[in-house]
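Quick notes on the structure that follows.
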Amino acid sequence: MIKPEFPENEQERISCLKSYNLLDTLPESDFDNITSLVASICNLPISLITLLDSDRNYLKSRHGVDIKESPRDISFCGHAILHDEDIFVVEDAREDKRFIGNPLVEEYNAIFYAGVPLRNKQGLALGTLCVYGHEPNKLSEFQKNALITIAKQVVNLFDLRLSNRLLTESKQDLLKRNAELGKFASHVSHDLKSPLANIISLTSFLKEEKGNVFTKESVEYINYIEESAESLNNYIDGILMHYKADELLNADKENVSINKLFDEIKRIHSMDDDNFKTSTNNEFVFINKAAVTQILINLVDNAIKYNTKRNPKVLLTYTKDKDYHIFSVTDNGIGIAQEQQDEVFKLFNNNNNQIDAKGNKGTGIGLFTVKNLVQKLKGDIVLNSEIGKGSTFKFTIAR
């Protein structure tokens, strides 16, 4: 008997093999179906998918034998991976000096062997797809070609399994990083809210306190401080809403009265009947109330902020079709130019520096978050707007 040598690229081969995470894994039907098929095609009792580890021949799938592994130094597969041919065949191991006295021949009666190296895209032989017989044999050209072709599919399965695992790990890593970023953003934002509130209160106090005499320039400086603080406060609110949005998606659906939902939005924004209109609807709908409420709050908030008219108006409506709940928020505000309407849902877009009723620029976070929520609720949102006349945001939620 001659022990198989190690390939010149053995260290690289072993490292690559272990990256597949196939060693010492549970049986898988995808591989077991292949070994069963190969045994049938070759009309032989034993078929294996083997992986050559550093000191053993691990059987990832086995048909016709009970053992899970064997020493590498007695393996036929150890010889097979050393050859450049597509298939390695031993017609009668009893007459081949490499296998005379081999325990596999003497104890398991492994007389015939044919193995195809399982080479990945880098040309590294991870193991073999092989068949054994208990008497001298030959394979037909059809059987050889079938074995070679199926071996390629085994490698494809290896690669697919590896890709799926790496994608899963990448997804888990991204979810973890996103959660950590959300916690960080929330923590920092909350820490900033208190000092910002103090700055806003102090600037307001300075301007209103009797007896203080400020120059025109000083008043302008105070106004700048106040505007900057308000702007930063809006950014913080936007960041907090953005990172809390996914939490809303975890809320259970519930039966919600449309009238009560719209009344709640009205109370949140402290609007009266003259400014806030709804389409009367006594219907109950089964929706994620938390998410839909947040969407409506944000859209109504924008409708109020970007409105310079003496009598601002907001109209909320609800309809449905067989597939979707359909909500709309219409205002009589300053409107959005046609060429800017495709940009308003992009992150950090501030609508071409459009200024709200208080003179503040938008953050470009709110509508991005709204669209993100709507899409995760399997719906869509569209804008129809005209400068000076107002805007209508219509969004759908899958039923």
Side-chain angles (χ1 to χ4, degrees), residues 223 226-228 230-239 241-242 245 258 261-281 291-319 324-375 377 379-397:
N223 287 336
E226 190 173 40
E227 290 172 7
S228 297
E230 287 283 0
S231 178
L232 185 54
N233 190 57
N234 288 336
Y235 265 108
I236 291 171
D237 287 341
I239 291 170
M241 185 187 75
H242 177 71
I258 291 296
L261 175 62
F262 287 171
D263 284 343
E264 186 175 332
I265 302 299
K266 176 182 175 181
R267 287 195 302 273
I268 289 171
H269 290 89
S270 301
M271 299 186 74
D272 57 35
D273 292 338
D274 290 335
N275 304 116
F276 191 91
K277 304 290 184 181
T278 65
S279 59
T280 302
N281 195 314
V292 173
T293 299
Q294 183 61 63
I295 294 168
L296 290 172
I297 287 173
N298 188 276
L299 292 177
V300 172
D301 188 56
N302 281 349
I304 297 169
K305 286 198 303 184
Y306 294 97
N307 197 322
T308 57
K309 291 184 171 62
R310 287 187 176 182
N311 188 26
K313 294 184 181 299
V314 179
L315 171 65
L316 268 61
T317 68
Y318 168 81
T319 57
Y324 296 98
H325 301 289
I326 305 170
F327 295 86
S328 71
V329 178
T330 301
D331 64 63
N332 64 339
I334 58 180
I336 300 170
Q338 181 67 40
E339 64 271 16
Q340 299 167 14
Q341 291 179 21
D342 291 337
E343 304 296 315
V344 297
F345 297 107
K346 294 182 178 179
L347 184 60
F348 296 128
N349 170 74
N350 56 15
N351 196 22
N352 198 28
N353 296 321
Q354 191 168 17
I355 306 300
D356 66 20
K358 293 182 179 180
N360 297 318
K361 290 166 55 177
T363 63
I365 301 175
L367 287 177
F368 171 81
T369 303
V370 163
K371 184 166 186 176
N372 186 48
L373 272 174
V374 168
Q375 289 180 334
L377 292 170
D380 197 9
I381 184 167
V382 294
L383 166 64
N384 185 10
S385 183
E386 187 175 346
I387 292 292
K389 293 188 177 180
S391 304
T392 296
F393 287 87
K394 179 183 288 188
F395 67 93
T396 58
I397 301 296

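Computed from a prediction, not measured in an experiment: that's the story for all the values here.
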Interatomic spacing from CG in L377 to CZ in F395 - rounded to 0.5 Å: 9.0 Å
Can a donor-acceptor pair be found, under 3.5 Å and without considering hydrogens, that links the side chain of T396 to the backbone of H325? no
Atom OG1 of T293 and atom CD1 of I265: how far apart are they, to the nearest 0.5 Å? 5.0 Å
Answer yes or no: does atom NZ of K309 have more than 12 heavy-atom neighbours from other residues, nucleotides or ligands under 6.0 Å? yes
Could you state the interatomic distance from OG (S385) to CG (D331), rounded to the nearest 0.5 Å? 7.0 Å
Can you name the closest pair of heavy atoms from S391 and L383 and give their distance? CB-CD1, 3.9 Å
Please name the residue in the list K266, M271, H269, K277 that meets the side-chain contact (heavy atoms from CB on, under 4.5 Å) test with V314. M271
Just verifying a value: how many Å separate S328 OG and L316 CG, rounded to the nearest 0.5 Å? 7.0 Å
In this structure, is the centre-to-centre distance between the rings of F327 and Y318 below 6.0 Å? yes
For the CD1 atom of I295 and the CG atom of L373, what is their distance to the nearest 0.5 Å? 5.0 Å
Kindly compute the distance separating OG1 (T319) from CD1 (I326), expressed to the nearest 0.5 Å. 4.0 Å
Around K313, counting heavy atoms of other residues, nucleotides and ligands shown, do more than 12 lie under 6.0 Å from its NZ? yes
Test your reading of the model: is there a side-chain donor-acceptor pair from N384 to the backbone of T392, 3.5 Å cut-off? no
Pick one: which of I381, T369, V374, N372 meets side-chain contact (heavy atoms from CB on, under 4.5 Å) with F345? I381
N332 side chain to N311 main-chain N or O, any donor-acceptor pair under 3.5 Å? yes
